[in-house]
Amino acid sequence: MSHALPQWQGDTAALRALQSERATQVILRDAFAKPLRTIAGFDVGFEDDGATTRAAAILLDADTLAIIDQQVARLPTRMPYIPGLLSFRELPALLDALAMLKHAPDLAFIDGHGIAHPRRLGIAAHFGVETGIPSIGVGKTILVGEARMALHEMRGAFTPLRDGREQIGWLLRSKPGCLPLIVSPGHRVAMPSAPELVMRYVTKYRLPEPTRLADRLASRRDRGDGTTDERDD
DNA sequence: GCGACAG
DNA sequence: ATCTTGTCGC
């Protein structure tokens, strides 16, 4: 009986216009520490029938993948989910979680799309432009675009995701037998670098560690003892 | 007007 | 995203 998001009476057209403006600030060039020192994963989940937005941030050592810090931020949900406008609903909580970390990462992996978006400003790109932190979008399904070529079954294979004649990301087979990941640059990451950076952190699951761990934390499934469970992809 | 549509 | 058992496949 609890629930009901306070009716959101916002200007959708204005938000789309804002995205187009900010998409102008996206930089598709690698501009992160090399070698990477720390990386972070971000994802959002919900509580109280959606009334509360729960963002998770996990800071990892880029070499050992050891967890350096992990934080959860909660905020009352303000806006409903509208395809293409996801960042306005989830970014506020994500930024709170980021601020709670001991320190900012050299690179951020975000659950959602980077520039593989109608106006080239998915949540990962928006996050990057807002924070200046290099970012990559790691999504599980396509919002816009299509793959023209078949994707090999081999682990690590990738093929372009395109919208019309421009490439907006990649379909990446992170794990054999599993649906491909949709990977796209967010900010300060070059298109060719995205697949490799994601694969660098993929272990035995479909999702790369940063996003996989943030997903568990955001969805409150971070109980696992690492024994015989880990019901992922 | 009719679908499609991240999380 | 979230609600959920059993079930198919490596």
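These values consider heavy atoms only, across backbone and side chains, with no hydrogens, waters or symmetry-generated copies. Chain identifiers are assigned alphabetically (A, B, ...) following the order of the sequence lines, protein sequences preceding nucleic acid strands; residue numbering begins at 1 within each chain. Every value quoted in this text rests on a predicted model; they were computed, and no experiment measured them.
- Residues L98(A) and I133(A) are in side-chain contact: their nearest non-hydrogen atoms beyond the backbone lie under 4.5 Å apart.
- In terms of hydrophobic clustering, with Ile, Leu, Val, Met, Phe, Trp and Tyr side chains grouped at heavy-atom distances under 4.5 Å, L91(A) and L143(A) are assigned to different clusters.
- Both L94(A) and L59(A) are members of a single hydrophobic cluster when ILVMFWY side chains are connected at heavy-atom separations under 4.5 Å.
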Note, DNA chain B 5' to 3' with Watson-Crick or G-U pairs under 3.5 Å encoded as ( ), [ ], | and . gives .......

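- Legend: residues meeting side-chain hydrogen bond (donor to acceptor under 3.5 Å, both in side chains) with E209(A), ordered by chain and number and at least two apart, are T203(A), R212(A).
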Could you list the protein-to-nucleotides 8-10 of chain C atom pairs, N/O on both sides, closer than 3.5 Å?
none

Please walk me through it: do Q70(A) and L213(A) pass side-chain contact (heavy atoms from CB on, under 4.5 Å)? CA-CA 10 Å; Q70(A) 56 180 52; L213(A) 296 174; over 6 Å; no

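- Distance D48(A) CG to dT2(C) P: 12 Å, rounded to the nearest Å.
- Considering only residues two or more places apart in sequence or on other chains, S193(A) meets the side-chain hydrogen bond (donor to acceptor under 3.5 Å, both in side chains) condition with D30(A).
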Every protein N/O within reach of nucleotides 3-6 of chain B N/O, cut-off under 3.5 Å:
| unit_1 | atom_1 | unit_2 | atom_2 | d |
| --- | --- | --- | --- | --- |
| dA6(B) | OP2 | Y81(A) | OH | 2.5 |
| dA6(B) | O4' | H113(A) | NE2 | 3.4 |
| dA6(B) | N7 | G84(A) | N | 3.1 |
| dA6(B) | N6 | G84(A) | O | 3.2 |
| dA6(B) | N6 | L86(A) | N | 3.1 |
| dA6(B) | N1 | I123(A) | N | 3.1 |
| dA6(B) | N3 | H113(A) | N | 3.4 |

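- Where pairing requires Watson-Crick or G-U contacts shorter than 3.5 Å, DNA chain C shows no helical stem with at least three consecutive pairs.
- Rounded to an integer number of Å, the gap from CE of M79(A) to P of dG7(B) is 16 Å.
- The aromatic rings of F88(A) and H126(A) stand perpendicular to each other, their planes meeting at an angle above 60°, with 30° marking the opposite boundary.
- The pair R216(A)-D43(A) does not meet the salt-bridge criterion, since no charged nitrogen lies less than 4.0 angstrom from a carboxylate oxygen.
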Chi angles and distances behind the salt bridge (Lys or Arg N to Asp or Glu O under 4.0 Å) call for R221(A), D215(A): CA-CA 8 Å; R221(A) 285 186 288 88; D215(A) 195 71; 2.6 Å; yes

Should K140(A) and D111(A) be marked as a salt bridge (Lys or Arg N to Asp or Glu O under 4.0 Å) after you check the CA-CA gap, both sets of side-chain angles, and the distance that decides it? CA-CA 8 Å; K140(A) 293 176 283 300; D111(A) 191 300; 2.9 Å; yes

Apply side-chain contact (heavy atoms from CB on, under 4.5 Å) to L85(A) and R89(A), showing your working. CA-CA 7 Å; L85(A) 298 181; R89(A) 169 178 163 84; over 6 Å; no

Should I115(A) and L28(A) be marked as a side-chain contact (heavy atoms from CB on, under 4.5 Å) after you check the CA-CA gap, both sets of side-chain angles, and the distance that decides it? CA-CA 10 Å; I115(A) 62 170; L28(A) 297 179; 3.9 Å; yes

As a quick check of understanding, evaluate side-chain contact (heavy atoms from CB on, under 4.5 Å) for R37(A) and H103(A), giving each step before the final call. CA-CA 12 Å; R37(A) 235 99 69 191; H103(A) 63 76; over 6 Å; no

